Amino acid sequence: MDDLFNSFMAGPDEDGRFGQFGGRFVSETLMPLILELQRQYEIAKDDPEFWAEMDALWADYVGRPSPMYRADRLTERLGGATIYMKRDELNHTGAHKINNVLGQILLARRMGKTRIIAETGAGQHGVATATVCAKFGLQCVVYMGATDVERQSPNVFRMKLLGAEVIPVTSGRGTLKDAMNDALRDWVTNVRETFYCIGTVAGPHPYPAMVRDFQSVIGKEAKAQLMEKEGRLPDTIIAAIGGGSNAMGLFFPFLDDREVRIIGVEAGGHGVDQKMEHCASLTGGRPGVLHGNRTYLLQDDDGQILEGHSISAGLDYPGIGPEHSWLHDVGRAEYVAITDKEALEAFQLCCETEGIIPALEPCHALAHVMKIAPGLPASHIICMNMCGRGDKDIFTVARAFGFDMDGPVGRDAG
Ligand SMILES: *Cc1c(COP(=O)(O)O)cnc(C)c1O
């Protein structure tokens, strides 16, 4: 392992570095904002009152703890390892994103901020941010690439219903990367009243560590729940990776349990050997700087950031959180890629065997479970993060399965 740390849980260092990754690659004008945020987060992090407020909202507003569910029919069907699902899809707003948004917005309130800005790609982080802003009566501005605004109109409408202002970004190609740039520009311009709420374990330090800390509620609960149900730790934990926040949240509390195998699943799209028809930053990218940190990125030979492809809109972040890059390089976690087609097969199996319609993101994790479970004994416990529900994805899946949503009901049933 990296000799910087005695423990995999000790990072990052004071400059926000996980080995050669992470850090604070921001303009001079942003630096004071970042340092102030870090100072305030460090105070809040050591304040039991801050966590008491979080715990109360996690319980009463989000619905935590989320259940730890043994998927018996799936286990039987795959005929090998025992499979558990951490049910974060049952959270308010249907995914794990709200765990982090609540943390950042409680911090913003402590700092006296009245205006929250965020960037969003598929819209899930924008919806979570607009939700918590509505709950606290805060002004909310969401930057979204113009292309994404068109592609994700139901989420744009949700944000508007929740009182947020959605600003379409037309610079560049009008997608997530351009929205991130505009959000950073807004932050510098409106620094006094504004808090920038980042949706994954990326951005300049302290964001990757802070978002991880907020999402770690997933792994802490998982550990306690499996100890209660099985009297021991799981053998393997698995999660899907866009920027890597739900995965980091599950993984972090297990990093120093060396006997636990950790697997992150990236979006392989049409296949990682297909040039950029995927979003697998670790499997198919190389290190560079984006969004204020150094990490593995999808980029061309000149270092231009590339747009990847995935059937799952939530996995199309062009980078990956720096802590994952470090865990990959020191070998504490393994990273694999799953194709669109494999994720769709997992979607169908999950619906049919467990009565759970999953989001396409965790289907990537489940598809890898389908690959490894049959070769393992029943005594081997796998815990996967079911990080989102599938309501948002049924139109995409219908299209992929060739089901005519507008046609007469029951036509194919006769
Ligand atoms: C946003 C999202 C993801 C990807 O984000 P991470 O930061 O990698 O967790 C995965 N699953 C769901 C359901 C999402 O909404």
Side-chain angles (χ1 to χ4, degrees), residues 1-2 4-13 16-19 21-22 41-42 44-46 50-51 54-55 58 62 64-66 68 84 86-88 91 95-104 107 198-203 205-227 233-266 282 293 295 320-335 361-362 365 382-387:
M1 77 178 262
D2 198 316
L4 253 182
F5 308 123
N6 311 319
S7 155
F8 286 109
M9 296 169 78
D13 68 14
R17 283 183 305 228
F18 300 91
F21 302 105
Y41 176 56
E42 274 161 17
K45 196 178 161 183
D46 291 335
F50 177 74
W51 292 105
M54 282 280 276
D55 284 342
W58 271 338
V62 176
R64 303 209 70 91
S66 67
M68 177 62 73
Y84 277 90
K86 178 63 174 156
R87 302 284 308 274
D88 253 55
N91 294 338
H96 63 287
K97 291 215 168 62
I98 196 159
N99 301 329
N100 161 52
V101 169
L102 258 183
Q104 288 192 50
L107 182 61
I198 293 186
T200 190
V201 282
H205 182 60
Y207 284 101
M210 179 170 69
V211 175
R212 172 202 72 196
D213 292 344
F214 292 143
Q215 291 292 2
S216 290
V217 66
I218 300 172
K220 279 183 212 152
E221 286 177 6
K223 214 169 177 175
Q225 289 168 322
L226 284 167
M227 284 307 289
L233 296 179
D235 299 286
T236 301
I237 55 177
I238 303 190
I241 297 191
S245 69
N246 85 84
M248 222 42 248
L250 177 65
F251 297 171
F252 188 68
F254 291 97
L255 289 182
D256 284 338
D257 300 305
R258 309 288 170 97
E259 69 276 25
V260 177
R261 185 176 173 199
I262 298 179
I263 306 175
V265 185
E266 297 192 291
L282 273 178
N293 70 91
T295 192
I320 182 168
E323 193 165 7
H324 286 293
S325 292
W326 175 69
L327 291 172
H328 169 264
D329 278 16
V330 299
R332 177 61 188 101
E334 301 159 51
Y335 295 85
E361 292 89 353
I382 297 179
C383 172
M384 67 149 288
N385 198 13
M386 182 55 75
C387 59

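Values below: every heavy atom of this structure, side chains too, minus hydrogens, waters and symmetry copies. Throughout, residue positions are numbered sequentially from 1 according to the sequence presented. Predicted, not measured: the structure shown is a model, and the values here were computed from it.
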inquiry  = Going by the rule salt bridge (Lys or Arg N to Asp or Glu O under 4.0 Å), which residues pair with Glu42 if we only count those two or more places apart in sequence or in a different chain?
reply    = none
query = To the nearest 0.5 Å, what is the distance between CZ (Phe18) and CZ (Phe8)?
reply = 13.5 Å
Which atom of Gly244 lies closest to which atom of Thr200, heavy atoms considered = N-OG1, 3.4 Å
task = Kindly compute the distance separating CZ (Phe21) from NE2 (His324), expressed to the nearest 0.5 Å.
result = 12.5 Å
inquiry  = For residues 244-257, which residue pairs pass the salt bridge (Lys or Arg N to Asp or Glu O under 4.0 Å) check, not counting sequence neighbours?
reply    = Lys223-Asp257
query = By salt bridge (Lys or Arg N to Asp or Glu O under 4.0 Å), which residues pair with Glu266, not counting sequence neighbours?
reply = none
inquiry  = Return the CD1 to CZ distance between Ile238 and Phe251, rounded to the nearest 0.5 Å.
reply    = 8.5 Å
key: 4.5 Å side-chain heavy-atom contact, Asn100 and Ser245   = no
query = For Met227, which residues count as a side-chain contact (heavy atoms from CB on, under 4.5 Å) partner, sequence neighbours excluded?
reply = Leu233
query = Between the main-chain N or O of Gly321 and the side-chain N or O of Asn293, is there a donor-acceptor pair closer than 3.5 Å?
reply = no
request  = Applying ring-ring contact (aromatic ring centres under 6.0 Å, His included), name anything that partners Tyr41, two or more places apart in sequence or on another chain.
outcome  = Phe214
ask   = Sequence neighbours excluded, which residues qualify as side-chain hydrogen bond (donor to acceptor under 3.5 Å, both in side chains) partners of Thr236?
value = His380
note = Between Ala209 and Pro12 the two heavy atoms that sit nearest each other are CB-CD, 3.8 Å
query = Excluding sequence neighbours, so at least two apart, what forms side-chain hydrogen bond (donor to acceptor under 3.5 Å, both in side chains) with Asp329?
reply = Tyr296
task = Only counting residues at least two apart or in another chain, list the ones meeting side-chain hydrogen bond (donor to acceptor under 3.5 Å, both in side chains) with Ser325.
result = Thr295
remark   = Minimal heavy-atom distance between Lys86 and Ile218, with the atoms involved, is CE-O, 3.7 Å
inquiry  = Ignoring hydrogens, what is the shortest heavy-atom contact between Leu107 and Ala44? Give both atom names and the distance.
reply    = CD1-CB, 3.8 Å
request  = Kindly determine whether Leu250 and Met384 satisfy side-chain contact (heavy atoms from CB on, under 4.5 Å), including the steps that lead there.
outcome  = CA-CA 9 Å; Leu250 177 65; Met384 67 149 288; over 6 Å; no
message = Which residues pass the side-chain contact (heavy atoms from CB on, under 4.5 Å) test with Ala333, not counting sequence neighbours?
response = Ile262, Leu327, Tyr335
Salt bridge (Lys or Arg N to Asp or Glu O under 4.0 Å) contacts touching residues 207-217 (sequence neighbours left out) = Lys45-Asp213, Arg212-Glu323
ask   = Atom CZ in Arg332, atom CZ in Arg258: separation rounded to 0.5 Å?
value = 7.0 Å
note = Taken to the nearest 0.5 Å, the spacing of Lys97 NZ from Cys387 SG works out to 7.5 Å
key: salt bridge (Lys or Arg N to Asp or Glu O under 4.0 Å) against Lys220, all qualifying residues, sequence neighbours excluded   = none
request  = Test Gln215 against Phe252 for side-chain contact (heavy atoms from CB on, under 4.5 Å), laying out the working first.
outcome  = CA-CA 9 Å; Gln215 291 292 2; Phe252 188 68; over 6 Å; no
note = Correct closest heavy-atom pair for Met68 and Cys383 would be CE-SG, 3.7 Å
note = Asp88 meets the side-chain hydrogen bond (donor to acceptor under 3.5 Å, both in side chains) criterion, sequence neighbours left out, with Arg64, Ser66, Asn91, Asn99
task = Working to the nearest 0.5 Å, report the span between CD of Glu259 and CZ of Phe254.
result = 10.0 Å
task = Taking all heavy atoms of Ile198 and all of Gln104, pick out the closest pair and write down the distance.
result = O-NE2, 2.8 Å
